[in-house]
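Comments concern the structure below.
What you see is a predicted model; the values in this text were computed from it and never measured.
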Amino acid sequence: MTTIDHGTVGYTGPQVRYRTCPFTGRRIERSAELLIRANAVAAVVFLAVGGFFGLMVALTRWPAVQLLPAEWFYLVLTGHGANVLLFWIIFFEIAVLYFASAVILGSRLATPRFAWLAFVLMIAGAVMANYAVLKGDSTVMFTSYPPMMAEHWFYLSLIVFAVGALIGVFVFFGTLVVAKDEQTYDGSVPLVTFGAITAAIIAVFTLAAGAIILIPTWLWSLGFISSIDTLMYKLVWWGMGHSSQQINVAAHISIWYAIAAMVVGAKPLSEKVSRFAFLMYILFLQLASAHHMLAEPGMSSSWKIINTSYMMYLAVMASMIHGLTVPGAIEAAQRRNGFTRGMFEWLTKAPWGNPAFSGMFMSLVMFGFIGGITGVILGTEQLNVLMHNTIYVPGHFHGTVVAGTTLAFMAMTYIVVPLIFQRDIIWPKLAKLQPYLFGIGAGGISLFMMGAGTLGVPRRHWDISLTDAAIPYEFAPGAYLMMGLNGMAAILAATGGLLFVVLIVASVLAGPKLDGPGAKLAFPLHDGGAQAVSEYGSEPHFKLPGTIMLVSIFFFTFVLYYFVNWKYLSDLWLFN
Amino acid sequence: MSINPPSNRLWWKEPIHGIELAWIIIAFLWGVFMFFFMIAWHFIGDQNLSTETYRVNPDKFVEQVEEFANEYQVLDASGAPMDIAGTLLVRPPVGGDVYILGRLWEWWPALELKKDQSYRFHLSSADWQHGFSLQPVNINISVHPGYEHILTLTPTQTGDFGIVCNEFCGIGHHTMTGIIRVVE
Ligand code: HEM
Ligand SMILES: [Cu+2]
Ligand SMILES: [Cu+2]
């Protein structure tokens, strides 16, 4: 089982080597494996750096602690945004793209040299950006709104990083072509690969928008262009900044499906519905940057309404569909696995001790309830004015990109380490605990920042007591309480994050080796790994009472919270 | 399995299950409702952010604000201009134009308005982007240099209201405040 075959199928170049994974029976090619390793390791390193910055920021925003001095606070906040949102997430996504193409399709990776070039460019960009930020003359936040100007290195570093990432995306497309050509799979691509394809297509749009805005801004910082229009900058910048969140969503939803398949043997309820939902992300996201422009001067109301609802909220609908089909697939699989009692035995008897599963399920719930619902509220034309640029906004996106994407990526790492690094997870007891620590912490920071935001606390702000301001203003005592609780939740999240980094690094370096015969996984995959539980995708009927209950609770919460916010809005001073 | 090719090669011909179909319809109708509710609020609601905007030269705007402040500054019994914590106090006429300037690092000038009277606000910045955040009312509007944003605002409460800045504007960002006093 564990023998290494030399270039068995199709292409027979000298360096192409495959092995067969003893746990999943999949063919894994050597250079794909190495590149997944390299990108995943880089991702974890930048998560460690950025997460540390995040803790510093949160402790500074805890009024009773106020850890850092003001200059350092703004500097570290700039570094936090760049390291976690860009470097951690995008390195990991490149690893996911290679996994979803080469590993899942059993193919070789196209043009490994270009993949290495991509990796080197991304590393160079990320290191350069950190250097520019830490040097101190690029404290402009990762959004770098003009006319505030960073040092030119800062813009250049982001451009270099983006070019690297774009090359990585094209290697992914190339790999799809290779797999098709060499017939490494039969029929249509698997759902997970399909989701990755949507993520990659969106990535191309996104990186193009990034280039359109960052290149002139870079030239401006070098003095070749005299000014950058502030509104136009925001519009195009968020064409990158927001659309890239749609990459995250497509990527982490693919991961939900992948983990559900590998851990409990779940199979999509219907391929058609799930694929259609992924497709909607591509079709309805182009002007997603609009919901960053709701409180700006100069955009018309009809422009705002049409673009924020992506025409009738079809992208929201897509997420709601996955919100049903992912737990639905799990419920159906678990019922097949024999957990049929009552409404929720499938859930209570789920493998909660497996960090891949627990992380994935918490990611699903928190992305929907915390990140998703609040995102729709923030993106509603009139409601935006209630919390634009308050700390409610970071609260919302820590629900999407931390409790949602980051937690899902962490969960996936518990599968990638044994399968790709061929090392088992060291210290399984701690690994069991890790998703809960991080998940609860991340949920906490999201909720407490949103709480503070509804009380008016501004984002990116060093001192809400406004001690040094000429005209004093007192925020409500509740705001201080919320920021204190946020600091405590941040400590929890940071502990979970640190534990993750330590566990993964230790497992990769010193975890039990899995390439010998008869090796067993600390967190086993579903029986036979690759075998579907049985047919139900095309069966005429199945029962999902638990999932129906979950989505009903979700829908009720959504509608209630939506109208609560309109009520708040109607109490404001009148303006038009 | 989501990580294998669909077992049914003709997966697109499979019927959609009732549960999925019902949820798709609910999600779609809810989306349609939310879409039309935004439009409806333009007719039934009193909080719709104005989109009236003009390009303006930042220096020109500063001059306009100073003119406005000179004209309507509040004088005490001895004829000296009054202030709030050192910021000039201005009492514009009811229904008239009101200017607020964002600059490093203050909202200027301080205003005294009458409850339930509407004013035409002119918002802009002299330098960088700022975030007009009226507290504790929680009305938050972005302010750009070079763009003059005009909105009609009607205070519905009395008291002293703070304006903080919620767009990062450099090292003094957390010292940037202003005030609107609303009287009967
Ligand atoms: C230990 C975990 C983390 C903690 C404690 C934390 C905490 C915070 C806090 C307190 C803020 C500042 C809000 C403000 O003052 O405006 C912030 C901003 C931010 N965080 Fe995190 N965070 C964590 C992890 C992450 C991760 C994993 C991501 C992305 C994947 C992320 C993305 C961001 C972004 C994009 C910002 C906005 C930066 C800006 O306003 O320029 N954070 N975070
Ligand atoms: Cu400001
Ligand atoms: Cu500011």
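At least one donor-acceptor pair closer than 3.5 Å links the side chain of Asn140(B) to the backbone N or O of Val385(A). Between the side chain of Asn138(B) and the backbone N or O of Thr454(A), at least one donor-acceptor pair lies under 3.5 Å. Looking only at distances, no side-chain donor or acceptor of Thr152(B) sits under 3.5 Å from a matching main-chain atom of Phe575(A). When atom types are taken as modelled, the side chain of Trp462(A) and the backbone of Ile171(B) share no donor-acceptor pair closer than 3.5 angstrom. Gln382(A) places a side-chain N or O within donor-acceptor distance of the main-chain N or O of Met38(B), the cut-off being under 3.5 Å. Not one N or O on the side chain of Glu20(B) forms a donor-acceptor pair closer than 3.5 Å with the backbone of Val273(A). Checking side-chain atoms of Lys272(A) against main-chain N and O of Lys13(B) turns up no donor-acceptor pair under 3.5 Å. Between the side chain of His174(B) and the main chain of Ser465(A), no donor-acceptor pair closer than 3.5 Å is present.
Taking CG from Leu153(B) and CG from Leu574(A), the interatomic distance works out to 8.0 Å, rounded to the nearest 0.5 Å.
Residue contact with chain B, scored on non-hydrogen atoms closer than 4.5 Å, is absent for Leu105(A). Proximity to chain A (any heavy atom under 4.5 Å) is restricted, for Thr87(B), to the side chain, taken from C-beta onward. Residue contact with chain B, scored on non-hydrogen atoms closer than 4.5 Å, involves the backbone of Val189(A) exclusively. Heavy-atom distances place both the backbone and the side chain of Val559(A) under 4.5 Å from chain B. Heavy atoms of Val164(B) lying under 4.5 Å from chain A belong exclusively to its side chain. If you measure heavy-atom distances from Phe554(A) to chain B, the contacts under 4.5 Å come from the side chain alone. Only the backbone of Met299(A) comes within contact range of chain B, with at least one heavy atom under 4.5 Å from a heavy atom of that chain.
A salt bridge is absent between Glu167(B) and Arg459(A); no separation between the charged side-chain nitrogens and carboxylate oxygens falls under 4.0 Å.
Between Trp573(A) and Phe161(B), the distance from one ring center to the other falls under 6.0 angstrom. Checked against the 6.0 Å centroid criterion, the rings of Tyr562(A) and Trp30(B) qualify as a close aromatic pair.
Residues Pro146(A) and Gln129(B) approach most closely at O-NE2, 2.9 Å, considering heavy atoms.
Figure legend: cation-pi geometry between Arg275(A) and Trp11(B), with NZ or CZ positioned under 6.0 Å from the six-membered ring centre and within 45° of its axis.
No hydrogens or angles considered: nothing links the side chains of His17(B) and Ser270(A) as a donor-acceptor pair under 3.5 Å.
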Exercise for the section: Apply ring pair (Phe, Tyr, Trp, His ring centres under 6.0 Å) to Trp128(B) and Tyr145(A), showing your working. Expected result: CA-CA 9 Å; Trp128(B) 287 347; Tyr145(A) 292 148; over 10 Å; no

